[in-house]
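All remarks here apply to the structure that follows.
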Protein chains: 2
Amino acid sequence: MDKEITIYDIAKEVGLSPTTVSRALSNHPRVKENTKEKILTAAKKMGYQSNIFASSLRKKRSKSIGVIIPKLNSPFQSSVMAGMEEIATQAGYNLVISQSTESLEKEITNATTMFNSRVDGLLVSKAGTTDDIEHFSPFFKKHIPVLFFDRVPENNNCTGVVINNTQAIYDATSHLIKEGCKRIVHVLGNLKINVYADRLKGYKYALLDHGIVFEEKNVINSDLGEESGDRIVEQILTLNPKPDGLLVSNDACAASCLMALKRKNIRIPEDIAIVGFNNDLISRMVEPNLSTINYPSYHMGEVAMKNLINHLDDEDHEILQKTNTITLRHELIIRGSSKR
Amino acid sequence: MDKEITIYDIAKEVGLSPTTVSRALSNHPRVKENTKEKILTAAKKMGYQSNIFASSLRKKRSKSIGVIIPKLNSPFQSSVMAGMEEIATQAGYNLVISQSTESLEKEITNATTMFNSRVDGLLVSKAGTTDDIEHFSPFFKKHIPVLFFDRVPENNNCTGVVINNTQAIYDATSHLIKEGCKRIVHVLGNLKINVYADRLKGYKYALLDHGIVFEEKNVINSDLGEESGDRIVEQILTLNPKPDGLLVSNDACAASCLMALKRKNIRIPEDIAIVGFNNDLISRMVEPNLSTINYPSYHMGEVAMKNLINHLDDEDHEILQKTNTITLRHELIIRGSSKR
DNA sequence: CTGAAAGCGCTAACAC
DNA sequence: GTGTTAGCGCTTTCAG
């Protein structure tokens, strides 16, 4: 293993001080163009590689950003990640990623790891199951910005990037009602997660505003997995009278329900109209095509990352202090599964 | 901002030397259990956080692993990532992720960034378009292990984790032939990518072994996007006689073709039998269900990461030196789209 | 089993 | 514009 080249070696080579070399390398304005060039040339020639550890140690910044998400292998979340990566790379930040696999315990471990690796900022989509954000307090104490997206904790003063879930499901529900549905079933996930709690609200409000009585039995809790269609459909069919509308909180599960219903010879949308959520690929591939809510996942990643980086690069670090919630635009996309 | 606690502070507190504190903190065997405990307690009480920059600077290791993939938002690749994350986190390594978005230029930039952030090892799925791996030479020179997965460069002595793409398509082709197909079209991506080149071979071999003449016009190049079905189908239908089998190199695109064919009132599998690739969710959601090759993506992530980490943790760093290729098991899954 | 001392490579005061 | 100096906080010989 050949020895590492340091700024001292370069300094010796060009007959200048290490300081000047350091300054030249980081493009400091008070270095003569001439010498800057000389140094850069020497650096390249000697195969110099800046030592980021030493630099970080001195500057107390890692130029890296941590992300904690529930699951990497989800169309929605991986798309958010892609947006984040784009922006981070562009801005010269490294992305350190870990997943909580929906476990609070793992989320806590991940947070600790991120803290110990001294990320400059943290982006989190909560594992759900609780609003507890105590495990991020080391960040808060050290004023390391933490920004939540999609799944945000309630009742706190962290910044969050979200869509208006209440309004989205309100729109979807209203649409179904307009299409003539009277008995709409809503399938959603863990109500401890803001996303689903908000959607339930939107569902209730829409019913209310259209003079339909809300009934507890029309709300089904599910893991929203791609395999759960049969189970959900079975449960739906015990209802009497049978429902004529179905609102499922993600497209994979909605598609699974759609397939299960078709296997039971129930016609979509005539017998039951369906609306999903996310606008994943799958929504365009099932038959009939699934109506859904377009969730701007990639864009959400971009926006979250942009705001975090702006905050970090801002001299006064006050951008996020002043921002509570950033709400992105969603959109109801009506397709064959609900248009009758 | 309150001052950081260092091992010196702890040393003063417990009346020992920084050296001993350092040793205790890293669980060095030659420290008395008693003092170890005392130090750990003090550390916790004082809110000590190890400074990873200083540690890395000294030890010349970052405890982080870089990953460069073409696209984060792909079902296949995000699943690989999930497997990698699992293992890396478990072993105490951070995952630094960046995407090349299929551009060699970005891949080069990413490689440089990874090199400069001094990852201990690198996992790469090539952007394709070239076998050039010159941009990884800084890693090679410094003996930083680089392990390729899925899309591996040919003709080099790097370790790669792959499936036997040739055999996979051989199996699929043979299956179609057994189902009575005589004119099988193969849709694949950029032939500069090993994955597709290998598959083309498998296709040719299978035809040969079953006495069917290979025809150039039956090979269609595509970006394999989820929107390309119409275009591909149009092209297929210009063939005369019409093909009766279709082999598409990924499920999203296969599904898209399937839909397009159905729109043209072509029956699946009676008129044309279809086999996809990857076993993505979509393959189980279209009708008829798509036959496909199960590609163990999550497992591939695990295996690649495990081997890299074993190598890093191995005293002699020779694990990867001795390994050329790790081939995972694939499996042909036969479903409605090709069973007749 | 513990400690003293040196240094990893860089940057930021502070001089000139 | 450039240089001197002093650490950042940790680990690792080498000594005892």
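Below, chain A is the first sequence line, B the second, and so on; all start at residue 1. None of the values given here were measured: they were computed from a predicted structure.
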Touch class at under 4.0 angstrom, heavy-atom based, for B/Ser56 against every strand present: nothing

Sugar-phosphate only, base, or nothing, as touched by B/Ser22 at under 4.0 Å among non-hydrogen atoms: base

Derivation and outcome, side-chain contact (heavy atoms from CB on, under 4.5 Å), residues A/Asn73 and B/Met81: CA-CA 8 Å; A/Asn73 46 345; B/Met81 297 306 314; over 6 Å; no

Presence of B/Tyr8 side-chain N/O under 4.0 Å of D/dT11 phosphate oxygens OP1/OP2: no

D/dG9 OP1/OP2 closer than 4.0 Å to side-chain N/O of A/Lys60: yes

Between [atom2] on [N] and [atom1] on [X], what's the gap in Å once rounded to a whole number?
{"X": "B/Ile7", "N": "D/dT12", "atom1": "CD1", "atom2": "C1'", "result": "11 Å"}
{"X": "B/Tyr48", "N": "D/dG9", "atom1": "OH", "atom2": "C1'", "result": "8 Å"}
{"X": "A/Leu25", "N": "C/dT11", "atom1": "CG", "atom2": "C1'", "result": "12 Å"}
{"X": "A/Asn51", "N": "C/dC10", "atom1": "CG", "atom2": "C1'", "result": "8 Å"}
{"X": "A/Leu57", "N": "C/dC10", "atom1": "CG", "atom2": "P", "result": "12 Å"}
{"X": "A/Phe53", "N": "D/dG7", "atom1": "CZ", "atom2": "C1'", "result": "20 Å"}
{"X": "A/Arg118", "N": "D/dG9", "atom1": "CZ", "atom2": "C1'", "result": "9 Å"}
{"X": "B/Lys12", "N": "C/dG3", "atom1": "NZ", "atom2": "C1'", "result": "16 Å"}

Most 5' of A/Gln49 and B/Arg58 on DNA chain C, judged by nearest nucleotide: B/Arg58

Modelled atom types, side-chain donor and acceptor of B/Thr19 and B/Ser22, under 3.5 Å: no

Between A/Lys126 and A/Asn194: side-chain donor-acceptor atoms closer than 3.5 Å: no

Residue among A/Phe140, A/Phe136, A/Phe139 satisfying ring pair (Phe, Tyr, Trp, His ring centres under 6.0 Å) with A/Phe115: A/Phe139

Pairwise N/O distances under 3.5 Å, protein to nucleotides 1-3 of chain D:
from, atom 1, to, atom 2, distance (Å)
D/dT2, OP2, A/Lys32, N, 3.0
D/dT2, OP2, A/Thr35, OG1, 3.2
D/dG3, OP2, A/Ser17, N, 2.8
D/dG3, OP2, A/Ser17, OG, 3.1
D/dG3, OP2, A/Thr20, OG1, 2.7
D/dG3, N7, A/Arg23, NH2, 2.9
D/dG3, O6, A/Arg23, NH1, 3.3
D/dG3, O6, A/Arg23, NH2, 2.9

Pair B/Thr113-A/Asn94, side-chain contact (heavy atoms from CB on, under 4.5 Å): steps then yes or no: CA-CA 8 Å; B/Thr113 309; A/Asn94 269 339; 3.6 Å; yes

With B/Glu302 via side-chain hydrogen bond (donor to acceptor under 3.5 Å, both in side chains) - residues at least two apart: none

Stepwise side-chain contact (heavy atoms from CB on, under 4.5 Å) test for B/Phe149 and B/Ile326: CA-CA 9 Å; B/Phe149 60 95; B/Ile326 298 169; over 6 Å; no

